[in-house]
Each structure stands twice: as structure tokens, then as C-alpha cells.
Q: 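First, the structure itself, so that you have it in front of you.
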Amino acid sequence: MKKITYKEFFVFNKIKESAFNESFISGVNIISGRNTSGKSTLIQSLLYTFGINDEKDNLQDIIDEYTVFCLQFELLHNEDNHQYTIIRESDSIYIKTPSGKIERFEGLGANNSIEHIKLKKYLHDLFGFSLELETQSKISPASLEVMFLPYYVSQSVGWVYIRNSFSNLSFYKNFKEDYLDYYLGITNELDRDKYIELKSEKNILTNEIKSINKQLSNDKFKTAKLLDEKFGQEANSYINSYNNAFKNLTESRNNIVKLSNKQSLMKARLNILNQTEKNLKKQIPGNAHCPVCEQIIPNNIKTIYEYHQNLNDTQSTKNEQKNKLIEIQKKSILIKIKLLNSQLT
């Protein structure tokens with residue numbers, strides 16, 4: 001078991017140049033005050049500091065004012081106490097480890113971004129949180145919200161609907177059972193990854209059987225069935241060859257649909273990268289205006305370095321995306337579908 005103890009929480013508003021600071025003690029901390037005094041805002045700010053975007057809407061007025069959130073906490077494990085500091089500023093998070101190393105995560109605005117997935121893995125490993133949940137087609141690590149859910153009841157839903165304290169948990173299959181089993185220590189021997197794989201294969205085979213039965217109901221196969229009494233072996237051989245060809249055709253069609261969808265997504269991402277590169281080229285330090293405050297972007301080593309780093313990263317990602325798109329296009333199986341169509345006719 002690992003125990004997390006909050007030590008001190010500091011918030012600084014860059015626009016108003018005002019700050020909030022609160023220290024916590026070991027054990028129970030009681031926060032009291034009248035309505036709209038900021039009790040919920042404090043709790044939501046703590047969650048937001050750890051990268052939970054579900055609270056962004058409630059804190060939008062604060063976040064828009066370039067607010068920095070800083071939490072110091074202790075992590076107790078095997079009687080060893082370690083000091084950590086986590087800082088969140090907009091979509092960036094910095095974590096100072098006991099060794100003094102700074103872990104940095106950028107671009108955390110979306111829960112499915114690469115950086116947010118890296119942050120989730122880092123915190124899962126740090127806190128020893130290993131719950132996995134079922135999505136549409138696979139088993140994946142639970143979101144950050146699930147790690148805090150047993151210790152947080154949203155004011156908007158209350159105790160009755162405690163599992164709805166965070167909005168995106170309903171997308172997981174069997175969430176209630178998996179969530180409770182994990183926190184109660186209940187395990188089973190079911191290989192869920194294998195179960196999902198077999199279930200997917202079953203659906204594919206079921207669809208193939210329906211397609212084959214539909215083909216068997218037409219006049220051509222009715223005639224073949226009558227002829228089978230006289231030319232049994234020959235008719236059976238013909239039907240088997242047709243079924244194999246139809247199975248190959250179905251598989252090829254499914255593959256081309258998957259490739260087409262993947263290609264469309266990659267083209268959309270490439271368009272975004274092109275627009276990002278175009279915008280970055282207009283933000284040269286010393287010449288361009290900040291898109292937020294209209295001030296000239298400072299011409300110093302830090303901003304020049306960040307500018308070229310962002311531009312190089314964008315161009316590198318764009319080139320990588322282009323190469324992947326070319327590879328997808330090379331894998332096209334349209335020729336194979338035409339060949340199988342000709343075999344069926």
C-alpha cells in the first residue's frame with residue numbers, strides 16, 4: 001500500500017498578481033465556509049493539478065487568468081517517505097521527484113493525447129494504481145479520474161450517483177463491477193483480452209455465415225443443389241470453391257474499409273500539422289505578435305529555442321505522418337478484390 005499526504009497547496013494568479021496558500025496536516029482536514037466561499041473550487045483545483053481535465057469547465061475563469069497550481073505531497077511506501085512537488089500551468093505539468101529530477105508533460109488539454117497517456121502511466125506507476133477497464137474493443141489502463149473516484153464526491157451528483165462524479169467513466173464497459181472488484185480486492189481467472197478476441201472472431205464468423213446463407217438462397221444454388229443428387233462430388237467441389245472465394249472477398253473488402261478509414265484519419269492529422277506549421281512560421285520571436293495578448297514575442301534565447309523546437313517537432317511529425325500515409329497507400333488491396341470478383345463471376 002502507498003499513502004499520499006498533501007502538505008501544501010499554492011495557487012498564483014499572474015494577471016491579478018494574487019495568491020492562495022494552504023497547508024494540510026496528517027489525518028483529517030476539515031474545510032468549512034459559506035456557499036460560494038471556494039470549498040469546491042479548492043478540491044477541484046487539487047484534482048486539476050494532477051491532470052484531471054474533467055474539472056476544467058468549473059475552473060475556466062481561474063485558468064483563463066494564467067493561474068499556476070502547485071501541490072507538495074509526501075508518498076509513504078514501505079516506511080520510506082518521499083517528497084514530491086507537482087505544478088500545473090494551463091496544459092503543462094511539471095513533477096519534481098525526490099532526487100530533484102523534473103518530469104515534464106506538455107499538451108494535456110485532451111485525455112487521449114500522447115502526453116496525457118504518458119502522464120497517466122507515470123502516475124499509475126508512482127501510486128501503484130493498476131486497474132484496467134474494458135473499452136469498445138480492448139482492455140486499457142483506467143483513466144486518472146478512477147484513481148481519485150473513491151475519495152471524491154462531486155457536488156453536482158451527490159452520494160446517490162457517486163460513480164458519476166466524473167463524466168467520462170460511462171464509456172467503459174462493466175465499469176461498476178470492475179471498479180468495485182478492484183477496490184475490494186476481488187479477482188478472477190478470466191482472460192479478458194482473450195475473451196474480447198474470441199468474441200470479435202465470433203462476430204466475423206457469424207456475419208460470414210449470414211452472407212453465405214444469403215447466397216445459397218438464390219436460384220443458382222438451388223439449381224446446384226438439385227444437380228448435386230446427380231453430380232454430387234462435382235457440385236460439392238464447386239460450392240466449396242465458391243465459399244472459399246467469397247470468404248476471401250469478404251476479408252479483402254473488410255481490409256480495404258479499414259485501410260480507407262485509417263488513411264482518412266491520417267490525412268486529417270496531416271492537415272492539422274500543416275496548419276500548425278503555418279501558424280508557427282508566423283510567430284518568429286522579435287517580429288510576431290503573441291496570438292493571446294498581442295504583445296511582440298520576446299526575442300531571447302528561451303523563446304527562440306522554444307520556437308525552433310516546436311517548429312522542428314511539428315515538421316518532424318509531419319514528415320513521419322507523410323511516410324506512414326505513403327505506406328498505407330502502398331498496401332491497397334483493390335487489385336486483389338478485382339481478382340476475386342472475377343473468380344466469383
Side-chain angles (χ1 to χ4, degrees), residues 1-7 9 24-31 39-40 42-56 58 71 73-84 86 93 95 105 108 111-112 116-200 202:
M1 294 290 292
K2 294 184 178 181
K3 181 181 178 181
I4 305 168
T5 302
Y6 294 169
K7 303 299 293 183
F9 188 48
F24 303 97
I25 62 172
S26 299
V28 178
N29 290 262
I30 298 177
I31 303 168
K39 302 186 299 298
S40 298
L42 173 59
I43 302 300
Q44 292 162 357
S45 297
L46 288 167
L47 294 171
Y48 176 75
T49 303
F50 278 101
I52 295 181
N53 292 319
D54 204 64
E55 304 297 343
K56 286 179 70 174
N58 298 324
L71 174 67
F73 64 92
E74 292 180 349
L75 184 62
L76 178 63
H77 181 52
N78 294 333
E79 298 184 355
D80 293 328
N81 210 349
H82 303 283
Q83 305 289 329
Y84 287 85
I86 181 169
I93 283 182
I95 301 176
F105 304 91
L108 303 175
N111 290 342
N112 58 352
H116 201 280
I117 293 173
K118 290 181 181 178
L119 172 67
K120 178 172 69 173
K121 184 180 185 308
Y122 178 85
L123 293 180
H124 280 198
D125 294 339
L126 180 64
F127 298 143
F129 183 68
S130 58
L131 175 61
E132 293 186 334
L133 296 171
E134 183 178 348
T135 57
Q136 186 66 27
S137 59
K138 63 180 181 179
I139 300 293
S140 59
S143 62
L144 292 176
E145 289 85 347
V146 184
M147 183 164 56
F148 289 88
L149 186 58
Y151 316 101
Y152 174 66
V153 180
S154 172
Q155 188 176 13
S156 61
V157 299
W159 289 97
V160 178
Y161 303 103
I162 183 173
R163 283 184 295 274
N164 293 328
S165 290
F166 297 107
S167 61
N168 61 346
L169 301 182
S170 60
F171 293 101
Y172 292 110
K173 291 185 176 180
N174 305 313
F175 173 73
K176 176 181 177 181
E177 290 77 11
D178 292 340
Y179 164 77
L180 293 176
D181 285 352
Y182 178 81
Y183 283 105
L184 293 173
I186 300 174
T187 60
N188 59 66
E189 301 299 325
L190 175 64
D191 187 341
R192 299 182 67 180
D193 287 321
K194 187 64 177 179
Y195 171 76
I196 293 175
E197 179 184 347
L198 292 175
K199 189 175 180 180
S200 176
K202 177 186 175 182

Q: Could you work out, with ring-ring contact (aromatic ring centres under 6.0 Å, His included) as the rule, every residue matching Tyr183, not counting sequence neighbours?
A: Tyr179
Q: Got a sec, which residues hit salt bridge (charged side-chain N to carboxylate O under 4.0 Å, His left out) with Lys118, two or more places apart in sequence or on another chain?
A: Glu115
Q: Do Phe50 and Leu144 make a side-chain contact, defined as non-hydrogen atoms from C-beta onward lying under 4.5 Å apart?
A: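 Phe50 vs Leu144: side chains apart.
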Q: Could you walk me through whether Leu76 and Thr5 satisfy the side chain to side chain contact (heavy atoms under 4.5 Å, CB included) test, starting with their C-alpha distance in whole Å, then the side-chain angles of each, then the deciding distance to 0.1 Å, before giving a yes or no?
A: CA-CA 8 Å; Leu76 178 63; Thr5 302; over 6 Å; no
Q: Between Pro141 and Tyr172, what is the shortest heavy-atom contact and its length?
A: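 Looks like O-OH, 4.3 Å.
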Q: Mind checking side chain to side chain donor-acceptor pair (under 3.5 Å) for Ser40 and listing every partner two or more places apart, or none if nothing turns up?
A: Gln155
Q: Just so I know, are the side chains of Leu46 and Phe148 near enough to count as touching, which here means a heavy-atom distance under 4.5 Å?
A: no
Q: Which residues satisfy the salt bridge (charged side-chain N to carboxylate O under 4.0 Å, His left out) test with Asp125, sequence neighbours excluded?
A: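 With neighbours one apart ignored, the set is Lys121.
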Q: Tell me the closest heavy-atom pair linking Asp178 and Lys173, and the distance in Å.
A: OD2-O, 3.7 Å
Q: Which heavy atom of Leu126 sits nearest a heavy atom of Lys2, and at what distance?
A: O-NZ, 2.8 Å
Q: With the side chain counted from C-beta on, respond yes when Tyr182 and Ser130 share a heavy-atom pair under 4.5 Å apart, and no when they do not.
A: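 The answer is yes; the side chains approach within 4.5 Å.
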Q: Not counting sequence neighbours, which residues clear ring-ring contact (aromatic ring centres under 6.0 Å, His included) with Phe24? List them please.
A: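 Applying ring-ring contact (aromatic ring centres under 6.0 Å, His included) to Phe24 gives none.
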Q: Take Asp54 and Asn111 through the test side chain to side chain contact (heavy atoms under 4.5 Å, CB included) and record every step on the way to the result.
A: CA-CA 9 Å; Asp54 204 64; Asn111 290 342; over 6 Å; no
Q: Measuring centre to centre across the rings, with the benzene-like ring taken for any Trp, is Phe127 within less than 6.0 Å of Tyr84?
A: no
Q: Kindly indicate whether the side chain of Asn58, heavy atoms from C-beta on, has any atom under 4.5 Å from the side chain of Tyr48.
A: no
Q: Under a 4.5 Å cut-off applied to non-hydrogen side-chain atoms, are Leu149 and Ser165 in contact?
A: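 With C-beta onward as the side chain, the pair touches.
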Q: Go through the structure and list residues passing salt bridge (charged side-chain N to carboxylate O under 4.0 Å, His left out) with Lys39, not counting sequence neighbours.
A: none
Q: For this output row, return yes or no: ring centroids of Phe166 and Tyr152 closer than 6.0 angstrom.
A: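 So the answer is yes for these two rings.
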